[in-house]
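In what follows, a single structure is set out as structure tokens and then discussed.
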Amino acid sequence: QVQLVESGGGLVQSGGTLRLSCAASGSIGRLVGMGWFRQAPGKQRELVAIITNSGITSYADSVKGRFTISRDNALNTVYLQMNSLKPEDTAVYYCKLSRLGSPPDYWGQGTQVTVSS
């Protein structure tokens, strides 16, 4: 079993910054990667950023140049640094861990990010 604990969400003004953290614990096994997804009201959950076990990163076009994903392997923690936040970034942000095993994916409980205009 794997547990994911997210933190760092909140309310911020447009142009502000937030840093999300997601700490993984438990029987992770062989890690494939970790990532952040978000879901706004009435919309589908979408990919924000991912980082593979080898450190390769990928971002949604809407956040490129503003968000940075990083990982502390020793702490099994992934971070999402969010700069120049916009009202359209408002959503519940979810951490996802992917591994070799069953089940292959775990999700965090979600953390609310609200950007006011």
Within a strict 4.5 Å, meaning less than it, do heavy atoms of the [X] and [Y] side chains meet?
{"X": "D89", "Y": "R38", "answer": "yes"}
{"X": "W107", "Y": "R45", "answer": "yes"}
{"X": "M82", "Y": "V12", "answer": "no"}
{"X": "Q81", "Y": "T17", "answer": "yes"}
{"X": "E6", "Y": "Y93", "answer": "no"}
{"X": "W36", "Y": "V78", "answer": "yes"}
{"X": "N76", "Y": "L97", "answer": "no"}

I need the minimum non-hydrogen distance between [X] and [Y], along with the two atoms involved.
{"X": "G110", "Y": "V92", "result": "CA-CG1, 3.8 Å"}
{"X": "M34", "Y": "C95", "result": "CE-SG, 3.9 Å"}
{"X": "A91", "Y": "A40", "result": "CB-N, 3.8 Å"}
{"X": "A49", "Y": "L80", "result": "CB-CD1, 4.2 Å"}
{"X": "A24", "Y": "L4", "result": "CB-CD2, 3.5 Å"}

In Å and rounded to the nearest 0.5 Å, what is the [atom1] to [atom2] distance from [X] to [Y]?
{"X": "F37", "Y": "I50", "atom1": "CZ", "atom2": "CD1", "value": "7.0 Å"}
{"X": "T114", "Y": "Q13", "atom1": "OG1", "atom2": "CD", "value": "13.0 Å"}
{"X": "S58", "Y": "L47", "atom1": "OG", "atom2": "CG", "value": "6.5 Å"}
{"X": "C22", "Y": "Y79", "atom1": "SG", "atom2": "OH", "value": "10.5 Å"}
{"X": "R71", "Y": "N53", "atom1": "CZ", "atom2": "CG", "value": "5.5 Å"}
{"X": "L20", "Y": "S7", "atom1": "CG", "atom2": "OG", "value": "8.0 Å"}

Between the main-chain N or O of [Y] and the side-chain N or O of [X], is there a donor-acceptor pair closer than 3.5 Å?
{"X": "T90", "Y": "V115", "value": "yes"}
{"X": "R66", "Y": "S84", "value": "yes"}
{"X": "R99", "Y": "S27", "value": "yes"}

Handout entry: Lys/Arg-Asp/Glu bridge criterion (N-O < 4.0 Å) met for K64, D61
Key =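 Salt bridge present between K64 and D61.
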Exercise for the section: Please step through side-chain contact (heavy atoms from CB on, under 4.5 Å) for the pair Y94 and Q39, ending with a clear verdict. Expected result: CA-CA 8 Å; Y94 296 91; Q39 188 166 17; 4.2 Å; yes
Practice task
State plainly whether one hydrophobic cluster holds both V32 and I28, where clusters connect Ile, Leu, Val, Met, Phe, Trp and Tyr through side-chain heavy atoms under 4.5 angstrom apart.
Solution key: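 No, because V32 and I28 fall into different hydrophobic clusters, even though each may have its own neighbours under 4.5 Å.
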